[in-house]
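Encoded as structure tokens, the structure appears first; notes follow it.
Just so you know, these numbers use all the heavy atoms, side chains as well, and skip hydrogens, waters and symmetry mates. Order of the sequence lines sets the chain letters (A, B, ...), proteins ahead of strands, with each chain counted from 1. Since the model is a prediction, treat every value here as computed from it, not as a measurement.
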Amino acid sequence: MRLSQMLFVTLREDPAEAEIPSHKLLLRAGYMRRVASGVYAYLPLLWRVLGKVSEIVRQEMNATGAQECLLPQLQPAELWQESGRWETYTKAEGIMFALTDRRDQALGLGPTHEEVITAIARDMIRSYRQLPLHLYQIQTKFRDEIRPRFGLMRGREFIMKDGYSFHTDAESLKETYQDMYAAYSNILRRCGLAFRAVEADSGAIGGSGSTEFMVLADAGEDEVLYSEDGQYAANVEKAVSLPVDAVPSEFSEYQVLDTPNTPTIESLAQLLSCSPTQIVKNVLYVAGFDSGKQVPVLVTIRGDQDVNDVKLQNELTKLAADYGGTAVLSLEVPDAEAQAAWLAKPLPLGYISPGVGDDYLKAPNKDFVPKFLRLLDQTAVDLENFVTGSDQTGRHVVGATWGKQFTLPQRVVDVRKAAAGDRTLHDPNQVLQTARGIEIGHIFQLGSKYSQALGATYTNEAGQEIPLEMGCYGVGVSRLAQAAVEQSYDKNGIIWPVAIAPYQAIVVIPNLNAADQVAAAEQLYADLTAAGIETLLDDRNERAGVKFKDADLIGIPFRIVTGRSLKDGKVEVVKRATGEAEELALDAVVPTLQGWIAEALG
RNA sequence: CGGGAUGUAGCGCAGCUUGGUAGCGCACUUCGUUCGGGACGAAGGGGUCGCAGGUUCGAAUCCUGUCAUCCCGACCA
């Protein structure tokens, strides 16, 4: 491609709309333009990158026996109602774009495709002889993100590869899951990215085991905890660990003490000169279930620990049936204004005890449940002579013990947040480290959640009708492209890994008025292209400096300059990543680049 | 949805406090000089100042409303 004929517009300054390096660079280098919040036009250079990523994904998927297809983006509400996700995905904080057509039919734009694919499976899979089966597609997804950000990292429209597998049993599912684990590792390795596979929460999509593939970068939105021996790595949402041991309490006698102005654990520990591990903390939440019920939740946990909202939400989901629901739609720490609606009398905030009475609550409407759902984190179970609130502002109790002053809440759960510095479960000598990651891939063992909901069954050898076991597997294709930039750039611009660079080489003519430079460049361009090397020719009537700056900015791996060494029959060849330059004879350029590219593609 | 900020030419910004009919840099067009790390000179083109009301003789500027965008949080297969 000749740059003189390409839509090639680079910017000298960073666009104000971008915050992180990769976002700024993709805009500056002319790879994309924002069309609406979280919606981007993929311009020719970026489209080539996306094509390369897609092709690598396709090759690795096909190698596992998965088959490519294309499912509709416009999906009927009925399917989502059958799976029970229509409400959670369109109401409250739902992420699904929903619309009504002229016949008054409710439709949604696909944020994911479990429902559609399961409906297809229901219609087409009859027998165990057809299994296992794995279908995937690469296409645009729509999600009405509350706050789109960071360009392609969190858009409302983005390209994703999503695959769905169907099995006779969990064992077969596990095999495909392992295949995907390997395929995803291959994809990221081939794309030239540093990544880590971590245990993950399966979130709203449901299912049992899931693994996230995290591209490591400081701008990542997720926190990863891992052990240095490489045995354990998990998203902080999912991570488990051993908390530090509690310091034995210095208080031996139960008493109520004046503790003015100590609404936080830190201030209380300071005033009493005690360890936060001796304090029992009580955190108030309000959970909203899909049945419409609003339930006040009191989480009691050791003072030095934080509540992991994802784990809490999972625990609450298990209890949804008690409130006539199946899912948690919202989970909030209520502010004073929100509390006022359902408090019979003011709560002593910061001084709440584990035994705080239900008489603080009233029911402003039939949906509010005026009874605390009391959950006890396991870190607080074994504490003795602990410090906690007294239900009186300005006073705490010390020396309290379960079974004496306070009833031990019956529901014991694990909702503590693991943190860097905690010891790992597999080896208490290992300490968790922290890193930021960008979630690029996520693989799930779904089980039969969707097949049961939608009635997708097969007949086994014994003639019994059984729900299909399912897995699903996603890769953020457009997100991966930007993550690659986030992981590989310098002050001059993008440094693409060779495997996903839009072009592999760029031939720069420093001075268009020098006929020999032009002739040599044209010949090289033709030779390189003929040799199968994807090459750009910068034949624009610009000064050399502009061309070098642009070549660096757009990040083409190899640059060939038909410049001053031409008089010796040589051209300069520069590696973008390292800046290494060497002079090569004209006829050595093609074989040398072929070697470099082959080496880079492994 | 809570908190914060910003909307002025394709991009980055000034002007607003103190109202008088819009400016700078980059980019773009033409000509000349230059030609290996974002050249120089000259001459040009391009803006309903986000939108809608209001105040005023007069509004980019003051007031009200509204929309959009970005940041922090909440949220997020």
Rounded distance (Å) that lies between atom [atom2] of [N] and atom [atom1] of [X]:
X        : N     : atom1 : atom2 : result
A:Asp222 : B:C75 : CG    : C1'   : 13 Å
A:Arg543 : B:U34 : CZ    : P     : 11 Å
A:Arg154 : B:G73 : CZ    : P     : 12 Å
A:Tyr285 : B:C75 : OH    : P     : 9 Å
A:Ile146 : B:C75 : CD1   : C1'   : 4 Å
A:Asn541 : B:U30 : CG    : C1'   : 14 Å

Interatomic distance, CD1@A:Ile506 vs CG@A:Leu537, rounded to 0.5 Å, equals 8.5 Å
For [N], give its Watson-Crick or G-U wobble partner with both distances under 3.5 Å, or none.
N     : result
B:C26 : B:G10
B:G73 : B:C1
B:A59 : none
B:G19 : none
B:C31 : B:G41
B:A52 : B:U64

Item to complete: Kindly assign one of parallel, tilted or perpendicular to the pair A:Phe368 and A:Trp342, based on the angle between their ring planes and the thresholds 30° and 60°.
Response: parallel
Handout entry: Ring geometry between A:Tyr136 and A:His134 (parallel below 30°, tilted from 30 to 60°, perpendicular above 60°)
Key = perpendicular
Winner on side-chain proximity to A:Gln313, out of B:U69, B:A39, B:C76, is B:C76
### Query
Between the base of B:G38 and the side chain of A:Glu542, is there a donor-acceptor distance below 3.5 Å?
no
| said: Please report the distance separating the P of B:G38 from the corresponding atom of B:A43, rounded so that it comes out in whole Å. | reply: 25 Å
Once you apply a heavy-atom cut-off of 4.0 Å, does A:Val508 come out as touching a base, just sugar-phosphate, or nothing?
nothing
(message) Counting the atoms with a prime plus P, OP1 and OP2 as sugar-phosphate, which does A:Asp14 contact under 4.0 Å by heavy atoms, base, sugar-phosphate, or nothing?
(response) sugar-phosphate
